[in-house]
Amino acid sequence: MDRSQPELLPIKIPKEYNYIAIFLTFSCQLRCSYCINQHGGDLVKGRRMSGEDWIRGINRIITRPDLPVTLQGGEPTTHRDFYRIVNGIRGDINIDLLTNLEVDVDTFMQKISPIQMKRDAPYASIRISYHHGQSNLEKLLEKVVILKNHGYSIGVFEVNHPQYEEEVMDRALKAKALGIDWRTKEFLGVWNGKTYGTFRYPNAVNGGILQTCKCRTSELLIAPDGYIFSC
């Protein structure tokens, strides 16, 4: 028995929790000027855990079939142990993936089978983020079609920014003509003096005044260094 590592207790997820976010890294190959990770300090320079530590940590989690662990970032596939982490997670834990799909799809299919990221849900287990001004639409659509045709549960999401609303709708129509599940998310923030999006707390995004609110987290959010965000 290897006694060099202390035994860690299981982490049982409360029944009221609705999301488990595993931020493998805040690094990314893209350079979006609007990236949320560029606000509030340089998160990318923070410490990140090894693949071995991520596997040990994630496998402590006891969760429901309808509550997967969602691997994300930054761009999770940039973690040097990404494929090792995916294949080291217990088989009874469902896995979702948020990615920009800036990967080699042949390698992805060799390392990860379709059943590893597929479950009964109203949305795809592999969710691609389309980044305006950074993602190559034609290459992205080609990759998504290949993975879809090989049985992967995959879909694309894009923020419906008011500046590019027509372009967003055109991309969605083009994708749907190829049988791709392409969905839009509402833009949250101020554009041309107008506030867009649904907020529980008005002026909560990029507000100039610090305020106090009453809230209780319903999400397990784990940072690249293994620490847990309080909200």
Side-chain angles (χ1 to χ4, degrees), residues 1-14 17-30 35-38 41-119 121 124-129 143 147 150-154 217-231:
M1 184 179 192
D2 182 9
R3 299 186 180 278
S4 61
Q5 296 283 1
E7 183 178 353
L8 300 174
L9 297 175
I11 302 171
K12 189 172 182 180
I13 305 301
Y17 272 42
N18 55 27
Y19 197 57
I20 302 173
I22 307 294
F23 295 90
L24 294 182
T25 173
F26 285 128
S27 297
C28 182
Q29 315 97 320
L30 305 182
C35 179
I36 192 171
N37 289 340
Q38 304 303 321
D42 192 349
L43 297 173
V44 176
K45 292 182 178 179
R47 190 178 71 88
R48 69 181 69 173
M49 291 204 297
S50 67
E52 181 182 350
D53 284 341
W54 271 121
I55 293 169
R56 278 185 84 214
I58 294 172
N59 283 339
R60 295 172 62 195
I61 295 174
I62 308 298
T63 183
R64 313 183 302 270
D66 66 333
L67 185 60
V69 297
T70 300
L71 306 179
Q72 56 191 279
E75 172 50 42
T77 62
T78 63
H79 193 292
R80 65 181 181 182
D81 295 326
F82 171 72
Y83 291 113
R84 181 182 172 195
I85 292 168
V86 172
N87 288 293
I89 296 174
R90 289 196 337 260
D92 61 304
I93 296 178
N94 282 325
I95 305 170
D96 280 10
L97 174 66
L98 303 187
T99 175
N100 57 33
L101 206 61
E102 294 288 324
V103 298
D104 179 79
V105 290
D106 290 328
T107 301
F108 188 93
M109 291 190 292
Q110 289 169 9
K111 301 283 188 179
I112 299 174
S113 75
I115 61 172
Q116 285 177 273
M117 294 181 180
K118 181 179 287 188
R119 61 192 179 87
S125 293
I126 302 174
R127 300 189 289 283
I128 315 303
S129 293
K143 289 180 179 181
L147 290 170
H150 280 81
Y152 291 84
S153 172
I154 191 166
T217 186
S218 58
E219 303 173 339
L220 176 61
L221 310 175
I222 306 177
D225 57 6
Y227 282 85
I228 295 174
F229 292 106
S230 58
C231 67

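- Closest of all the heavy-atom pairs between Ser50 and Asp81 is C-OD2, 4.0 Å.
- Across all non-hydrogen atoms, the minimal contact from Ile61 to Ile93 is O-CD1, 3.8 Å.
- Gln72 places none of its side-chain heavy atoms less than 4.5 Å from the side chain of Leu221.
- At least one side-chain heavy atom of Thr77 sits under 4.5 Å from a side-chain heavy atom of Gln29.
- Here Ile85 contributes atom CD1 and Asn59 contributes atom CG; the two are 11.0 Å apart, rounded to the nearest 0.5 Å.
- More than 12 heavy-atom neighbours from other residues, nucleotides or ligands sit within 6.0 angstrom of CZ on Arg90.
- More than 12 heavy atoms of other residues, nucleotides or ligands shown are found within 6.0 angstrom of CG on Leu30.
- The closest side-chain heavy-atom distance from Val69 to Ile222 is not below 4.5 Å.
- Looking at Leu147 and Ile126, their side chains never come closer than 4.5 Å, going by heavy atoms from C-beta outward.
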### Glu75/Thr99 under side chain to side chain donor-acceptor pair (under 3.5 Å): CA gap, chis, key distance, verdict
CA-CA 6 Å; Glu75 172 50 42; Thr99 175; 2.8 Å; yes
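- Side-chain contact between Tyr17 and Thr217 is present, with at least one heavy-atom pair separated by less than 4.5 Å.
- Partners of Phe108 according to the ring-ring contact (aromatic ring centres under 6.0 Å, His included) rule, which considers only residues two or more places apart in sequence or in another chain, are Tyr152.
- With Arg127 contributing its side chain and Leu98 its backbone, the two residues share no donor-acceptor pair below 3.5 Å.
- Note that CE of Met49 is 7.5 Å distant from CG of Asp225, once rounded to the nearest 0.5 Å.
- Among all heavy-atom pairs drawn from His150 and Met109, the shortest one is CG-SD, 3.6 Å.
- Of all heavy-atom pairs spanning His79 and Leu24, the tightest one is CD2-O, 3.5 Å.
- Taking NZ of Lys143 as the reference point, atom CG of Leu101 lies at 5.5 Å (rounded to 0.5 Å).
- Side chain of Lys111 to main chain of Phe82: no donor-acceptor pair is present (N/O by atom type, distance under 3.5 Å, no hydrogens or angles).
- Remark: Ile95 CD1 to Leu71 CG distance equals 6.0 Å, nearest 0.5 Å.
- Here the shortest heavy-atom pairing between Ile154 and Ala124 reads C-CB, 3.4 Å.
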### side chain to side chain donor-acceptor pair (under 3.5 Å) evaluation trace for Asn87 with Gln116
CA-CA 8 Å; Asn87 288 293; Gln116 285 177 273; 3.0 Å; yes
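- Within the 4.5 Å cutoff, side-chain heavy atoms of Glu219 are placed close to those of Asn18.
- In terms of modelled atom types and a separation under 3.5 Å, the side chain of Lys118 and the main chain of Gly151 share a donor-acceptor contact.
- For the side chain to side chain contact (heavy atoms under 4.5 Å, CB included) criterion with Thr63, the lone passing option out of Asn94, Ile11, Leu220, Ile13 is Ile13.
- With contacts defined as side-chain heavy-atom distances shorter than 4.5 Å, the pair Asp96/Arg119 qualifies.
- With hydrogens and angles disregarded, no donor-acceptor distance shorter than 3.5 Å links the side chain of Ser125 to the backbone of Ser153.
- Residues Gly73 and Phe23 share a closest heavy-atom pair of O-CD2, 3.4 Å.
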